[in-house]
Amino acid sequence: MLQQTPVTRVLPVWQDWLLRWPDPTALAQAPSGEAVRAWGRLGYPRRALRLHAAATLMANEHDGEVPGSYAALLSLPGVGSYTAAAVAAFAFGCRATVVDTNIRRVHARLISGTALPAPALTAAETRLADHLLPTEPGQSVRWNAAVMELGALICTARSPNCAQCPVQEKCAWLAAGEPAPTYQPKGQAWAGTDRQVRGAVMAVLRAAGTGLQRGLLFAPAHSEHPVGSELARLYRLNAEESQLERAIAGLLTDGLAQATDGGGIALPA
DNA sequence: TAACCGTGGGC
DNA sequence: TGCCCAAGGTT
């Protein structure tokens, strides 16, 4: 849930989620569509699907337990190098090199003297993080947490609070006179994209208790429908039929939706 | 490698 | 008001 999503937005969903599915086996026994629905508006709904798949794998291959090694964690769907390292370190006390967006930014400034880390994680960054990580496991866990928190609370992306920084005197970026970024971060297109349409269709599917006829998704003539507000959001996008078709096809391909007997679509069972 | 994948808070 | 950004992963 925390992948690319602020902690404060995750917390309420996470709490409800764990009350409903306290362990991997409980989640594995639910339909994947229920996981997608409970995911709510956290975004990137494929993460819900992958979490459900990971729970199924843990139920079947790991006695219903979350594996405690980096390698086993990495093999789970939706778990990459960051998540595997974070769980190994913070849940199991392992020495694992955690590299998240906060740690990357702290290293970029403190060590490399640049305003921002590279656009994508590089091998050099991973090597640096691995080199800096204390050898002793207990200290390494503390180090990971400390650097991450420094980035989250002090060495922030927008306006870092250097005056409050405990390592300001060691900072290469400050010493260099706070040089500006050497590249322009390019934001992701949103308005008018398939992505936006996918999101709106998913919101309709989550709001609907059962499946929906495709006609309902295409024609703005059902504002009195129980899922009317989400349908209205979809209609407001004024997507071409071809784009809506493409978005739906993508959702079916990704397993976020499935075709129903009556020719409609629904969340997966 | 680079594109793709959601959402909403904050500046 | 838009735009940036957030505990990334997969193809």
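Labels below follow one simple rule: chain letters A, B, ... track the order of the sequence lines, proteins then strands, and each chain is numbered from 1.
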Figure out the CZ/P separation between A:Arg50 and B:dC4, and round it to whole Å. 16 Å
Provide, to the nearest angstrom, the distance between the CD atom belonging to A:Gln196 and the C1' atom belonging to B:dG8. 13 Å
Distance between the C1' atoms of C:dA7 and B:dA2, in whole angstroms? 23 Å
Any N or O donor-acceptor pair linking the side chain of A:Thr5 to the base of B:dG6 at under 3.5 Å? yes
Give one of base, sugar-phosphate or nothing for A:Leu42, where a contact means two heavy atoms less than 4.0 Å apart. base
Atom OH of A:Tyr82 and atom P of C:dA7: how far apart are they, to the nearest Å? 9 Å
Of all the nucleotides listed (C:dA7, B:dG8, C:dG9), which has the minimum atom distance to the side chain of A:Ser81? C:dG9
Start at the 5' end of DNA chain C and walk down; is the nucleotide closest to A:Arg158 or to A:Val99 reached first? A:Arg158
Taken to the nearest whole Å, CD/A:Gln3 to P/C:dG9 is 5 Å
Hey, any chance A:Val147 and A:Leu133 share a hydrophobic cluster, counting ILVMFWY side chains that come within less than 4.5 Å of each other, even indirectly? yes
Check ion pair A:Arg109-A:Glu178 (N to O, under 4.0 angstrom): no
What is the separation between atom CZ on A:Arg195 and atom C1' on C:dT10, rounded to the nearest whole Å? 13 Å
Any donor-acceptor N or O pair under 3.5 Å, side chains A:Thr5, A:Arg47: yes
Check the distance between B:dC4's C1' and A:Arg246's CZ and give it to me in whole angstrom. 13 Å
Could you pick out which residue, A:Pro77 or A:Pro6, lies toward the 5' side of DNA chain C when each is mapped onto its nearest nucleotide? A:Pro6
What is the distance, rounded to the nearest whole Å, between atom CG of A:Asp194 and atom P of B:dA3? 16 Å
Upstream residue (5' side of DNA chain B) when A:Ala203 and A:Ala120 are each assigned their closest nucleotide: A:Ala120
Residue-phosphate contact under 4.0 Å: A:Arg198 side-chain N/O, B:dG6 OP1/OP2: yes
Distance test, side-chain N/O of A:Gln4 to OP1/OP2 of C:dG8, below 4.0 Å: yes
Describe the nucleic acid contact of A:Ala157 in one word from base, sugar-phosphate, nothing, applying a heavy-atom distance below 4.0 Å. sugar-phosphate
Compare the minimum distances between each of C:dA6, C:dG9, C:dA7 and the side chain of A:Leu2, then state the nucleotide with the smallest one. C:dA7
For a quick check of understanding: with a heavy-atom distance under 4.0 Å over all strands, which category does A:Gln188 fall into, base, sugar-phosphate or nothing? base
For A:Gly43, report the nucleic acid contact type (base, sugar-phosphate, nothing); a contact means any heavy atom under 4.0 Å. base
Tell me whether A:Glu169 at atom CD has more than 12 heavy atoms from other residues, nucleotides or ligands lying less than 6.0 Å away. no
Could you check how far CE of A:Met1 sits from C1' of C:dG8, rounded to whole Å? 15 Å
Exceeds 12 heavy-atom contacts within 6.0 angstrom, atom CH2 of A:Trp190: yes
Base, sugar-phosphate, or nothing for A:Pro45, non-hydrogen atoms under 4.0 angstrom? sugar-phosphate
Hey, are A:Arg206 and A:Glu230 close enough for a salt bridge, meaning a charged N less than 4.0 Å from a carboxylate O? no
With heavy atoms under 4.0 Å as the rule, sort A:Arg104 into base, sugar-phosphate or nothing. nothing
At less than 3.5 Å, do the side-chain atoms of A:Arg9 and the base atoms of B:dT7 form a donor-acceptor pair? yes
Classify the nucleic acid contact of A:Asn102 as base, sugar-phosphate or nothing, counting any heavy atom under 4.0 Å across all strands shown. sugar-phosphate
Counting only side-chain nitrogens and oxygens, does A:Arg41 get under 4.0 Å of the OP1 or OP2 atom of B:dG8? yes
Any donor-acceptor N or O pair under 3.5 Å, side chains A:Arg95, A:Gln139: no
Using a 4.0 Å heavy-atom cut-off, does A:Thr8 contact any base of the nucleic acid, only the sugar-phosphate backbone, or nothing at all? nothing
From C:dA6, B:dT7, B:dG6, nucleotide with atom closest to A:Thr101 side chain: C:dA6
